[in-house]
Amino acid sequence: MPPILPRKFYARDPVSVAQDLLGKLLVSGQTTGRIVEVEAYLGTGDQAAHSARGITDRTRVIFGPPGHAYVYFIYGMYECLNIVTSPAGTAGCVLIRALEPIAGIDLMRERRPRAKRIEDLANGPGKLTLAMGIDRSRNGADLTRRAGPLTVHNASTALPFDIVTTTRIGIGVSAELPLRFYIAGNSCVSVP
DNA sequence: GGTAGGATGGGCT
DNA sequence: GCCCATCCTACCC
């Protein structure tokens with residue numbers, strides 16, 4: 001497995017981290033996925049960010065040190081994975097929106113029995129947490145810790161790709177900001 | 001091919 | 001009480 005991304009990788013603005021996370025490998029237990037779609041949520045000037053109204057029990061981790069997981073529960077049924085960016089004391093995170101399944105695909109299929117194609121296993125923020133076995137018990141997990149439950153690794157054999165920038169999916173405020181990024185032409189993106 | 005609506009519960013006013 | 005960073009099914013071309 002290629003090296004784990006160090007904390008300094010995450011200690012930058014969320015837009016830079018979001019763009020640079022594309023193509024990296026997310027590992028959870030026996031499952032591995034390549035990150036193909038992300039959204040940035042800013043610490044200031046972004047009314048769509050959960051951190052926009054300050055520190056609460058839910059949002060505390062977003063204001064903590066970078067390189068940790070922020071996992072939240074949504075629509076009574078699903079969980080979404082974010083990665084905390086920016087130095088401790090400031091807010092900023094990246095929502096992981098889609099993965100290309102790389103390893104543990106049989107296990108992903110067991111966890112997502114309704115998915116017909118491999119591309120459907122993790123092509124959405126709620127789908128990928130199910131496929132990878134990620135839930136709220138991972139909230140606050142340190143992604144830079146070796147032997148941790150959730151890690152992000154450099155992609156050793158990554159081919160070059162173009163990045164497409166759009167507005168974010170499913171939000172009502174600050175909707176005009178161009179903060180969604182995905183790998184051009186990838187078949188596992190949620191909304192191509 | 002497309003879309004409208006339901007499921008389901010925690011967070012916050 | 002309302003909103004929500006979603007997903008799936010049913011139903012209609």
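Chain A is the first sequence line, chain B the second, and so forth, proteins listed ahead of strands; every chain is numbered from 1.
Between the NZ atom of Lys127(A) and the P atom of dA5(C) there is a distance of 18 Å, rounded to whole Å. Following rounding to the nearest Å, Leu81(A) (CG) and dA5(C) (C1') show an atom-to-atom distance of 12 Å. Regarding Gln47(A), its CD atom lies at a distance of 15 Å from the C1' atom of dC12(B), rounded to whole Å. Between the CD1 atom of Ile55(A) and the P atom of dC12(B) there is a distance of 12 Å, rounded to whole Å. Atom pair Leu95(A):CG and dC4(C):C1' shows a separation of 13 Å (rounding to whole Å applied). Across the protein-nucleic acid pair, Phe73(A) atom CZ and dC3(C) atom P stand 19 Å apart, rounded to whole Å. We find that CZ of Phe181(A) is positioned 18 Å from P of dA5(C), with the value rounded to whole Å. The distance between atom CG of Leu130(A) and atom P of dC7(C), rounded to the nearest whole Å, is 9 Å.
Taking the centre of each ring, Tyr41(A) and His50(A) stay at or above the 6.0 Å mark.
Closest approach to the Arg97(A) side chain among dC7(C), dT6(C), dG11(B) is made by dT6(C) (side chain taken as heavy atoms from C-beta onward). Each of dC12(B), dT6(C), dC7(C) was ranked by its minimum atom distance to the side chain of Ile169(A); first place goes to dT6(C).
In this structure, His50(A) does not reach the dG11(B) phosphate: none of its side-chain N or O atoms is under 4.0 Å from OP1 or OP2. When the side-chain nitrogen and oxygen atoms of Arg112(A) are compared with OP1 and OP2 of dC8(C), one or more of them lie within a distance under 4.0 Å. A sub-4.0 Å separation between OP1 or OP2 of dG11(B) and a side-chain N or O of Thr56(A) is absent.
Across all strands shown, dT6(C) pairs with dA7(B); the Watson-Crick or G-U wobble distances both stay below 3.5 Å.
Here Arg168(A) lies out of heavy-atom contact (under 4.0 Å) with every strand. The residue Asp57(A) sits apart from the nucleic acid: no heavy atom pair falls under 4.0 Å. Among the heavy atoms of the strands lying under 4.0 Å from Gly76(A) is at least one base atom, whether or not backbone atoms are also near. Residue-level contact check: Arg180(A) touches neither bases nor backbone, having no heavy atom under 4.0 Å from any strand.
Residue-nucleotide stacking is not present for Tyr78(A) and dT6(C), judged by a side-chain ring centre under 5.5 Å from the six-membered base ring centre and planes under 30° apart. Both thresholds, 5.5 Å between centres and 30° between ring planes, are not jointly met by Tyr75(A) relative to the base of dA7(B), so the two rings are not stacked.
Mapping Arg53(A) and Met77(A) onto DNA chain B by nearest heavy atom places Met77(A) at the nucleotide closer to the 5' end. DNA chain C is contacted by both Arg114(A) and Ala49(A); Ala49(A) maps to the nucleotide lying nearer its 5′ end (nearest heavy atom per residue).
In this structure, Ile169(A) is not a member of the same hydrophobic cluster as Leu42(A), with clusters built from ILVMFWY side-chain heavy atoms closer than 4.5 Å. Residues Val36(A) and Ile163(A) are members of one and the same hydrophobic cluster, defined by side-chain heavy-atom contacts under 4.5 angstrom among Ile, Leu, Val, Met, Phe, Trp and Tyr.
Taking CG of Leu150(A) as the reference point, atom CD1 of Ile83(A) lies at 7.5 Å (rounded to 0.5 Å).
The environment of CZ in Arg53(A) is sparse: at most 12 heavy-atom neighbours from other residues, nucleotides or ligands sit within 6.0 Å.
Residues Glu79(A) and Ile74(A) fail the side-chain proximity criterion, which asks for heavy atoms closer than 4.5 Å.
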